[in-house]
Trainee: 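This is the structure I have questions about; it appears just below.
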Amino acid sequence: MTRKSAVASASRVTRRTTLQMLAGTAAGALLPAFHVDAAPLKYELRPQKLDDGIWLIAGAQEAITATNGGAIANVVIFDTTAGAVIVDTGPSKRYGEQLSAVARELTGKDIARVYLTHIHPDHVFGNQAFDPVTIAATAEVAKGLKEMGEGYADAMYRTAGDWMRGTELVLPKTTIKSGVEDFGNRRIRMLAMRGHTDSDLVLFDERSGFLIASDLVFIDRAPTTPNANLEHWRIALANLGGIPHRRLIPGHGPAEDSARGIEDTRNWLGTVEDVIRSAFEKGLDVTEAIALPLPAWTDRIKLARYEYERSVMHLYPKLEAEKLPNVGKRS
Amino acid sequence: MQRRTTTRSLHLAILAFLIGAGAVAAAESERHLVPDDPLQSPLWHDLATKFFGNQKVVLDQRIKVIVPSIIENQAQVPVTADARGLDGVVKMIVFADLNPIQHVLTLTPRQAAPYVSFRMKAEQGTPVRAAALMTDGTWRVGSVYLDAAGGGCSAPAMARKDADWSQTVGLAQGRAWRQPDGLSRIRLRVRHPMDTGLAKDNTPAFFIEKLDMRSSKGEGLASLELFEPVSEDPTLTVMVKLPKGDASLNVEGRDNNGTTYRSTIPAAFDQSSLGGVSIQ
C-alpha cells in the first residue's frame with residue numbers, strides 16, 4: 001500500500017466512522033423526543049363521588065383542544081344492582097376505554113346501560129368501548145349521528161388531534177323514548193326534550209333525586225348553539241325548573257343544588273338573542289355583530305366571547321333568511 | 001464636419017445609453033415595488049403581479065379585512081372589507097391567496113362607500129386581502145389571515161340537496177337603513193347555489209357574476225362582480241349614496257348562465273334609522 005492510498009483509505013474509514021457517529025448522535029438525540037411524542041396520551045379521569053353510588057367525571061370548562069383531548073363534557077356513573085349505568089361516553093375511543101375501566105372499578109360490575117344525551121361529539125365518541133346494545137339513545141339522536149357522525153369525526157381529529165387515534169363512531173343499538181328504566185335498586189326516568197339540539201335526553205334518578213340536565217344546562221360556561229332552537233330550549237328550561245330535584249348535574253359545569261344553572265342558561269340565551277336581534281335590526285353584517293360588546297354580567301361566564309361569536313354565525317343566517325323582506329326575483 | 005457628426009452621434013449614443021439604462025433601472029425598481037407580505041404567503045408576489053400588474057403597491061392598515069377568529073363552516077365565512085379610512089378609492093378587490101379560485105369579488109363604489117361585507121368559501125387557511133385601486137393608480141392593500149380547516153370550495157352547495165332549488169333561485173330579500181352620514185346601508189340576500197365547479201359531484205360552475213345597484217334614473221351607484229368563492233345565497237352589505245328624492249334602490253343581477261335578476265329595495269326616509277348608533 002502506497003502512502004497515498006493509505007491516506008485515502010484512512011480518510012474513507014474516518015468519513016464512514018464520522019457518519020456512523022453522526023447517525024448514532026442523531027438517533028440518540030431523536031429517540032427520547034420520539035418517545036415523548038409517542039407515549040400514549042392518557043386522560044386524567046377523576047370521579048367525584050356526589051352521593052351513594054353516583055360519580056361525576058367533570059369535563060374541563062374549555063373549548064375542545066389538542067391539550068384537553070376533547071374531555072370537556074360531564075360524564076355520570078351510577079352503581080345499580082343491574083350494573084354500571086353511564087351517561088355519555090366522552091370524546092374519543094381512548095376516553096371511552098378509560099371510562100369503561102373506571103366504571104367497572106367503581107361499581108365492581110359490568111356496564112348495564114350507556115345513555116347518550118345528544119349528538120354532540122364531546123359526548124358520543126367514546127362509544128367504541130361499549131357493547132352497542134347497551135348504548136341507548138332516542139331515534140332522533142341515532143339518526144343525527146348517522147348524518148353528522150363523519151363530519152364530527154373530521155372536526156374532532158382536527159381540533160383534538162392525536163387523542164382521537166383509532167376513534168370511529170359507533171351507533172347506539174337501543175332506541176329509547178320518554179319513560180322509566182328499572183335497574184333494580186335504581187329507577188331512572190328518561191325525559192326526551194329538545195332545544196340545545198333536536199333531541200336532548202334528560203335523566204332523573206328517583207332514588208337520589210338527581211337530575212341530569214344534559215347540555216340543556218351549562219353552569220359557569222357559555223352554552224353552545226350549533227344545533228339550537230332557542231324557543232324550544234327556553235321551553236325545556238321551564239320544564240326542567242318544574243321538576244323537583246335534589247341536585248342538578250349540567251352537561252358542562254359543577255353539580256349544584258340550586259336553580260342557578262337553569263337561570264344562567266336562560267339568561268345567556270336571552271342575552272345572546274337580544275344582542276343578535278338588535279344587531280340585525282340595525283343592519284349590521286356578521287363581523288360587525290360579532291364585534292359588539294356583551295353585558296357585564298357575562299364576564300364571569302367562561303368562553304363567553306368565544307361562544308357568542310359562534311352563536312352569531314349559527315343564528316344570523318337564519319334571521320336573514322326569515323326576516324329580510326322579499327324584494328325581487330328572476331326577470 | 002464628418003468628425004463633428006461622428007462626435008455628435010457618439011454623444012447621442014451615450015445619451016441614449018444613459019436614458020436606456022435609466023429606463024431599465026426604473027423598470028427594475030418597478031418590479032421591486034411590491035412590498036414583502038407580512039403574512040409571508042408563498043403566492044403573494046405572483047398574485048400581486050396578477051392583480052396589480054406594474055402598478056405601485058402599498059400595504060395600508062387603513063384597509064381593514066375582518067374575519068371571525070373561529071370558523072366552523074368553511075362554506076360560509078363572514079368577511080368585511082372596509083377601506084372607508086381612505087379617500088379616492090376607484091375599485092376594491094377581495095382575494096384569498098390559497099383558495100383554488102383566488103378572486104372573490106370586486107366592488108366599484110361609484111356613489112358608495114369602499115366597504116363590503118359578505119360570506120365566502122375557504123378551501124383552507126389562507127390570507128384574505130382587500131386591495132383598493134386609488135385615483136392615482138396605486139393599489140393599497142390590507143390583509144388578514146383566515147384560520148379555516150377546509151372543504152369550502154369543493155363541498156357541494158346545500159341547495160343541491162333540495163329538489164326545489166331551481167324554484168327559488170334568484171329570489172331576493174333586502175332592506176335599507178338610512179345612516180346619519182347620508183349613506184344608505186343596504187343588506188341584500190339572493191338565493192343562488194353559487195356552484196364553484198370544483199365540487200365532488202361534478203356540478204359545473206353556476207354563480208351570480210354581477211350585481212349593479214342603480215338609482216331610479218339608472219345611474220350606477222355601486223357595482224359588484226362576484227366570483228365562485230362567494231357563498232351560496234350571497235348575503236351582502238354595502239353602503240350607497242342615493243340621489244336626493246330617491247326612496248328606493250334598484251339592483252340588477254346576472255349569473256353566468258345569462259339569467260338576469262331584478263329587485264327594488266325600499267329606502268324611505270321614514271324607515272328606522274340607526275338611531276345615532278355609530279357603526280365602525
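Lettering follows sequence order; numbering is per chain, from 1.
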Trainee: Determine, stepwise, if the pair A:D274 / A:T271 fulfils side-chain hydrogen bond (donor to acceptor under 3.5 Å, both in side chains).
Mentor: CA-CA 5 Å; A:D274 286 351; A:T271 297; 5.9 Å; no
Trainee: Is the backbone N or O of B:K121 less than 3.5 Å from a side-chain atom of B:N99, with the two atoms forming a donor-acceptor pair by type?
Mentor: yes
Trainee: For B:L105, which of B:L226, B:I93, B:L211 qualifies under side chain to side chain contact (heavy atoms under 4.5 Å, CB included)?
Mentor: B:L226
Trainee: Considering heavy atoms only, which positions within residues 300-319 of chain A lie below 4.5 Å of chain B?
Mentor: A:Y306, A:E309, A:R310, A:M313, A:H314, A:Y316, A:P317
Trainee: Of all of A:K329, A:R330, A:K323, which one pairs up most often with chain B through heavy atoms under 4.5 Å apart?
Mentor: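 Of the candidates given, the most pairs with chain B belong to A:R330.
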Trainee: Report the C-alpha distance between A:T287 and B:V79 in whole Å, list the side-chain angles of each, state the deciding distance to 0.1 Å, and finish with yes or no for side chain to side chain contact (heavy atoms under 4.5 Å, CB included).
Mentor: CA-CA 7 Å; A:T287 60; B:V79 180; 5.8 Å; no
Trainee: Which answer fits B:S248, side chain, backbone, both or neither, if we ask what part of it has an atom under 4.5 Å from a heavy atom of chain A?
Mentor: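 Neither the backbone nor the side chain of B:S248 comes within 4.5 Å of chain A.
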Trainee: Measure distances from A:A321 to the heavy atoms of chain B and classify the residue's part below 4.5 Å as side chain, backbone, both or neither.
Mentor: both
Trainee: Test of understanding: with salt bridge (charged side-chain N to carboxylate O under 4.0 Å, His left out), list the residues that count as partners of A:K143, not counting sequence neighbours.
Mentor: A:E147
Trainee: Does the side chain of A:L99 reach to within under 4.5 Å of the side chain of A:V75, using non-hydrogen atoms?
Mentor: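 In contact.
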Trainee: Looking at B:N257 and B:F206, what are the two nearest heavy atoms and their distance?
Mentor: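 It is ND2-CE1, 3.5 Å.
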Trainee: Heavy-atom distance under 4.5 Å between the side chains of B:M194 and B:I208, does that happen here?
Mentor: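 Yes, side chains in contact.
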Trainee: Name the region of B:T260, side chain, backbone, both or neither, that has any atom closer than 4.5 Å to a heavy atom of chain A.
Mentor: both
Trainee: Quick one: what part of B:L236 sits under 4.5 Å from any heavy atom of chain A, side chain, backbone, both or neither?
Mentor: backbone
Trainee: What are the two closest non-hydrogen atoms of A:S199 and A:H118, and how far apart are they?
Mentor: O-CB, 3.4 Å
Trainee: Given the options B:Q76, B:E72, B:E252, which has more heavy-atom pairs under 4.5 Å with chain A than any of the others?
Mentor: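 Among the listed options, the one with the most contacts to chain A is B:E72.
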